[in-house]
Amino acid sequence: MDKQDNFSLAKAYEPQLYENDIYKIWEESGFFNPDNLKATEKPFVISMPPPNATGILHLGHAAALSYEDLMIRYKRMQGHQALWLPGTDHAAIATQTKVEKILASEGTDRHALGREKFIERVKEFVATSRDTIQDQTKKMGSSCDWSREAYTFSDELSGSVNEAFVKMYNDGLIYRGLRIVNWCPRCASTLADDEVEYQEQQAKLYYIKYGPFVVATTRPETKLADTGLAVHPDDERYKDYIGQEIEIDLAGHKITVKVFADQEVDPEFGSGAIGVTPAHSVVDYEFAQKNNLKIIKLIDEQGKILASGGKYAGLDVQEARKKFVADLEQAGLLVKVEDYANNLSICYRCDTAIEPLTSEQWFVAVDKKIPSRQNKTLKELAIEAVKSGQIKILPSRFEKIYYHWMENLYDWCISRQIWWGHRIPVWYTADQKLIVAHDEAEAQKLAGGQKISQDPDTLDTWFSSALWTFSTLGWPNVEAKDFLKFHPTSVMETGYDILFFWVARMILMSEYLLGTKPFETVYLHGMIRDKEGKKMSKSLGNGIDPIDMINLYGTDALRLSLISGATPGADLKLYEEKIAGSRNFVNKLWNISRFIFSQTEHIHQVALEPKVTDKLDQAILAKFNKLIKEVTEHLDKYEFSMASVKLYQFTWTDFADSYVEIAKKQGNKEDVLLYILERLLKLWHPFLPYVTEVIWKQFNTQTLLMVEYWPQAQGKVDGQAILYLDGVVGVISRLRELKAENKIAPSEFPFCKIVSSQVSVEHLQLIADLARVKLTDKDIEIEPEKIWQCSIYINLKKAMSAKEKEELENYIKSLELKLANDSFIQNAPPQVVEENQKKLAESKQKLANN
RNA sequence: GGGCAUAUAGCUCAGCUGGUUAGAGCGCUACAUUGACAUUGUAGAGGUCAGAGGUUCGAGUCCUCUUAUGCCCACCA
């Protein structure tokens with residue numbers, strides 16, 4: 001009995017018992033580090049999109065980690081030196097916001113702490129949340145190289161940030177200028193254009209008597225700083241005013257506006273006249289540039305009215321609006337107020353309404369020709385990298401979106417007024433001379449002994465992330481071993497929601513700084529949603545915590561759930577039942593292994609495909625070879641879900657339900673079973689790393705499955721054998737169907753005679769055993785039923801229902817009609833015609849049998 | 001306002017360049033079950049492939065329009 005001694009697998013797979021140990025073994029093996037892998041193929045590299053160092057892992061991260069680890073493990077098994085470089089992002093605004101909230105709950109704020117203490121506080125916070133993220137990343141089974149773990153705010157990476165800044169400044173690609181910017185009053189900082197989100201809101205549209213005009217506005221208070229009035233050039237009502245400067249009295253507040261014409265003005269909207277406030281509207285700022293308007297700054301960085309607002313000075317925007325509207329009304333200048341739906345711009349980090357205002361900031365010039373790059377602009381370089389096909393974006397429709405975004409990009413505002421982030425590497429002398437340097441010492445030298453102070457602003461967090469693929473590999477040291485070996489990276493796997501924030505900027509920076517692409521392929525995954533398709537969020541309470549799922553069902557189950565059904569660019573609905581289903585599959589794989597091992601005298605590896613004579617063995621090997629081919633092809637095409645579905649079907653249906661059952665009856669299949677199982681574990685490993693590695697241990701090879709070679713299909717796929725197996729299974733199913741239909745208990749064995757010239761006696765017996773019928777040689781007085789290559793004589797009948805009969809008759813009719821159609825016979829390929837004839841014959845037979 | 005995506009069984013999704021009576025998993029129904037697995041097995045019910053036109057011998061699959069949903073972009077005050 002004591003085959004039990006051969007193996008030690010519990011009845012059900014309990015992931016909690018194994019996962020931590022297995023991860024430790026992997027980690028200690030050193031194989032996460034490509035330096036310890038034999039180089040048989042060129043390196044395969046993924047830079048892990050650095051999660052923000054602020055919080056916990058959510059399902060989006062879990063999905064990304066699953067896809068990335070899948071690719072990395074697959075490539076590693078194929079003999080590539082696979083490098084998956086992990087890290088975290090200091091996430092400037094997000095982190096600062098978070099810590100400010102904590103401070104607020106303690107009744108203090110960053111100003112009370114002061115800059116240095118505040119930064120210390122953020123560092124503490126980041127250190128603990130980074131540990132959490134690292135633990136959770138490990139829990140997902142991620143085979144990333146922790147020895148190369150990076151952090152955007154480390155000394156090394158800060159060095160590359162300064163290097164990039166200085167180089168760009170020297171090339172004239174970074175400049176300081178007074179322009180209108182997006183200002184978040186809560187963050188007290190500028191934002192880049194793409195960091196602004198829009199939220200539809202119900203607003204009021206105020207119609208204000210404005211000298212001889214009426215203007216409509218959603219923000220009446222800004223009218224205090226109007227310096228222009230725009231009308232359509234063909235608008236008869238206002239033609240005479242064009243070019244004039246008009247003084248306007250707004251309930252005591254006097255302004256002077258220059259009237260000008262612009263095609264952009266819609267004469268139908270509102271009154272057809274637009275009051276222009278250059279300092280506080282992006283559109284108006286552009287009007288001002290074109291028409292040489294004065295710019296009066298009305299609102300300050302705290303959202304308060306400046307002295308230019310006259311008696312409203314000192315009020316905050318909302319109060320000023322109220323008061324001003326009341327004053328207008330009293331002066332009889334408020335014509336009417338309408339309800340109006342418009343888009344409010346809000347901060348993507350804290351949802352606060354954005355205040356556009358003019359301010360002196362640092363910008364990256366995206367439209368400036370670069371002499372060292374054949375006079376191309378940053379924009380052009382970034383567009384070309386994709387247009388030329390050097391970088392592929394999956395799914396490809398995002399390439400168009402990418403072009404559109406790039407083409408419409410304005411200069412990128414990179415200075416932020418927050419404290420947490422890379423300090424802008426610019427120093428000022430007492431007489432405001434500006435010094436750009438790599439560090440303070442260099443700046444000091446350049447200042448020639450003068451006293452200097454550093455610019456207080458920090459850089460946009462995306463500036464440092466844009467360098468991620470190479471700053472993590474040693475750049476700016478272009479001789480660095482890692483940089484030479486691993487850049488450009490292979491795949492950038494990330495969510496489509498940060499295509500612009502991050503992917504686009506990495507391309508831009510890499511093309512400019514290195515003259516090469518940062519990666520070959522961009523794989524954009526979709527968002528993870530709940531069963532209703534809603535975004536998972538804390539406020540909705542519909543979020544699933546990946547760690548909870550791992551504790552309940554195991555990491556492998558979670559990973560498989562995130563992989564199957566996911567296609568690039570498409571959102572994935574995830575729900576607990578799906579994860580439970582994956583858990584069931586993992587357990588199935590476990591039990592298949594358990595059974596095979598229990599049947600085996602000595603568990604061993606079977607190096608070569610077993611030589612077999614039985615057609616059923618040939619068939620399962622043929623199906624398996626086909627599977628290897630398909631799975632490999634799907635993975636090469638980034639069709640992860642397809643690969644998992646094919647593996648799932650083979651494992652459960654073909655292998656467990658069909659072949660293992662056959663093997664139980666026939667016996668003596670040890671080598672075929674072991675041969676397939678061993679390779680099946682390998683194929684599954686990138687999807688289900690833990691359970692496969694645990695089972696693998698039973699082979700006692702002292703090797704890790706993680707670094708075993710990816711299986712290769714042997715020879716041509718034997719299609720004949722596959723058809724034979726499918727035929728046998730078909731007959732078994734038919735017999736079971738007849739039994740079930742006739743309410744014959746599974747334990748009963750009705751007599752049955754099966755005649756076939758193609759199927760061996762042994763296999764006929766097998767069919768009978770699996771279908772649970774008793775074979776007899778005696779004649780049974782009944783019309784045989786023809787299934788595949790067998791004639792079945794059995795005293796059972798499935799009575800065709802009236803509906804089924806009707807359906808069959810209709811089907812026969814449609815076939816007859818089709819075959820009677822000359823143009824079908826002429827146009828359709830002969831193969832198709834033949835198939836239809838065959839189907840007709842079969843259907844007629846089936847009808848006759850009833 | 002522009003663009004993109006999706007629409008197939010109660011639910012989540014396959015269905016490649018047009019040619020099996022449209023498939024899977026979950027759920028549902030019936031039956032079974034103490035030596036791989038109830039995290040199981042066997043069988044079954046369930047769809048006019050969003051709607052309307054068109055191309056074709058033939059359309060879930062191609063074209064046009066319509067509808068619904070979701071997303072992205074956009075300076076309509």
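Residue numbering restarts at 1 for every chain, and letters A, B, ... go by the order of the sequence lines.
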Practice item. Can you tell me, in whole Å, how much space there is between the P of B:rU17 and that of B:rC63? Key: 11 Å
Review point. Is A:Lys839 touching bases, backbone alone, or none of the nucleic acid, heavy atoms closer than 4.0 Å?
Key: sugar-phosphate
Exercise for review: Quick one: label A:Gln831 by what it contacts on the DNA or RNA (base, sugar-phosphate, nothing), any heavy atom closer than 4.0 Å.
Suggested key: nothing
**Study point:** Short side-chain N/O contact to B:rG41 OP1/OP2 from A:Trp652, under 4.0 Å
**Key:** yes
Exercise for review: Look at A:Lys588 and B:rG41 and indicate whether a side-chain polar atom (N or O) is within less than 4.0 Å of OP1 or OP2.
Suggested key: yes
Check your understanding: How is A:Gln826 classified with respect to the nucleic acid when contacts are heavy atoms under 4.0 Å: base, sugar-phosphate, or nothing?
Key -> nothing
Exercise for review: Please answer whether the main-chain N or O of A:Arg583 pairs with a side-chain N or O of A:Asn587 as donor and acceptor at a distance below 3.5 Å.
Suggested key: no
Practice item. May I ask which nucleotide in the shown strands pairs with B:rC37, Watson-Crick or G-U wobble, both distances under 3.5 Å? Key: none
Exercise for review: Determine, using ring centers only, whether A:Tyr18 and A:Trp590 are less than 6.0 Å apart.
Suggested key: yes
Check your understanding: Expressed as a whole number of Å, how far does the P atom of B:rA7 sit from that of B:rG60?
Key -> 15 Å
Review point. Which nucleotide, in any strand shown, forms a Watson-Crick or G-U wobble pair with B:rC62, with both distances under 3.5 Å?
Key: B:rG54
Check your understanding: Between B:rA36, B:rU39, B:rG19, which nucleotide has the shortest distance from any of its atoms to the side chain of A:Ile592?
Key -> B:rA36
Point to revise | Rounded distance in Å between the P positions of B:rU56 and B:rA45 | key: 38 Å
Review point. How is A:Arg583 classified with respect to the nucleic acid when contacts are heavy atoms under 4.0 Å: base, sugar-phosphate, or nothing?
Key: base
Practice item. Report the base-pairing partner of B:rC71 (Watson-Crick or G-U wobble, both distances below 3.5 angstrom), or none. Key: B:rG3
Exercise for review: Answer yes if the side chains of A:Gln199 and A:Asn343 hold a donor-acceptor pair under 3.5 Å, and no otherwise.
Suggested key: no
Practice item. Please work out if A:Asp266 contacts a base, only the sugar-phosphate, or nothing of the nucleic acid, heavy-atom cut-off 4.0 Å. Key: base
Check your understanding: Reckon A:Lys818 touches a base, only the sugar-phosphate, or nothing at all at heavy-atom distances under 4.0 Å?
Key -> nothing
Check your understanding: Below 4.0 angstrom from OP1 or OP2 of B:rA74, is there any side-chain N or O of A:Asn343?
Key -> no
Check your understanding: Does any nucleotide pair with B:rG18 by Watson-Crick or G-U wobble geometry, both distances under 3.5 Å, and what is it?
Key -> none
Check your understanding: Between B:rC16 and B:rC62, how far is it from one C1' atom to the other, in whole Å?
Key -> 14 Å
Exercise for review: May I ask you to establish whether A:Lys739 and A:Phe749 are in a cation-pi arrangement, using a distance under 6.0 Å from NZ or CZ to the six-membered ring centre and at most 45° from the ring axis?
Suggested key: yes
Check your understanding: Base, sugar-phosphate, or nothing: which does A:Met642 touch, judged by heavy atoms less than 4.0 Å apart?
Key -> sugar-phosphate
Review point. For atom P, what is the distance between B:rG19 and B:rA32, given to the nearest Å?
Key: 43 Å
Review point. Does a side-chain N or O from A:Ser823 land closer than 4.0 Å to OP1 or OP2 of B:rG58, or not?
Key: no
Check your understanding: Does the ring of A:Phe595 carry A:Lys664 above it, NZ/CZ under 6.0 angstrom from centre and within 45° of its axis?
Key -> yes
**Study point:** Pairing nucleotide - B:rC13, Watson-Crick or G-U, each distance under 3.5 Å
**Key:** B:rG23
Review point. OP1 or OP2 of B:rU39 sitting under 4.0 Å from any side-chain N/O of A:Asn584?
Key: no
Exercise for review: Determine the contact category for A:Ser271: base if any of its heavy atoms lies under 4.0 Å from a base atom, sugar-phosphate if only primed atoms, P, OP1 or OP2 are that close, otherwise nothing.
Suggested key: nothing
Point to revise | Residue pair A:Glu197 / A:Tyr348, side-chain donor-acceptor N/O under 3.5 Å | key: no
Review point. So what's B:rG44 paired with, Watson-Crick or G-U wobble, going by both distances under 3.5 Å?
Key: B:rC28
Review point. In whole Å, what separates the C1' atom of B:rC57 from that of B:rU40?
Key: 48 Å
Point to revise | Whole-Å P distance, B:rG51 and B:rC11 | key: 15 Å
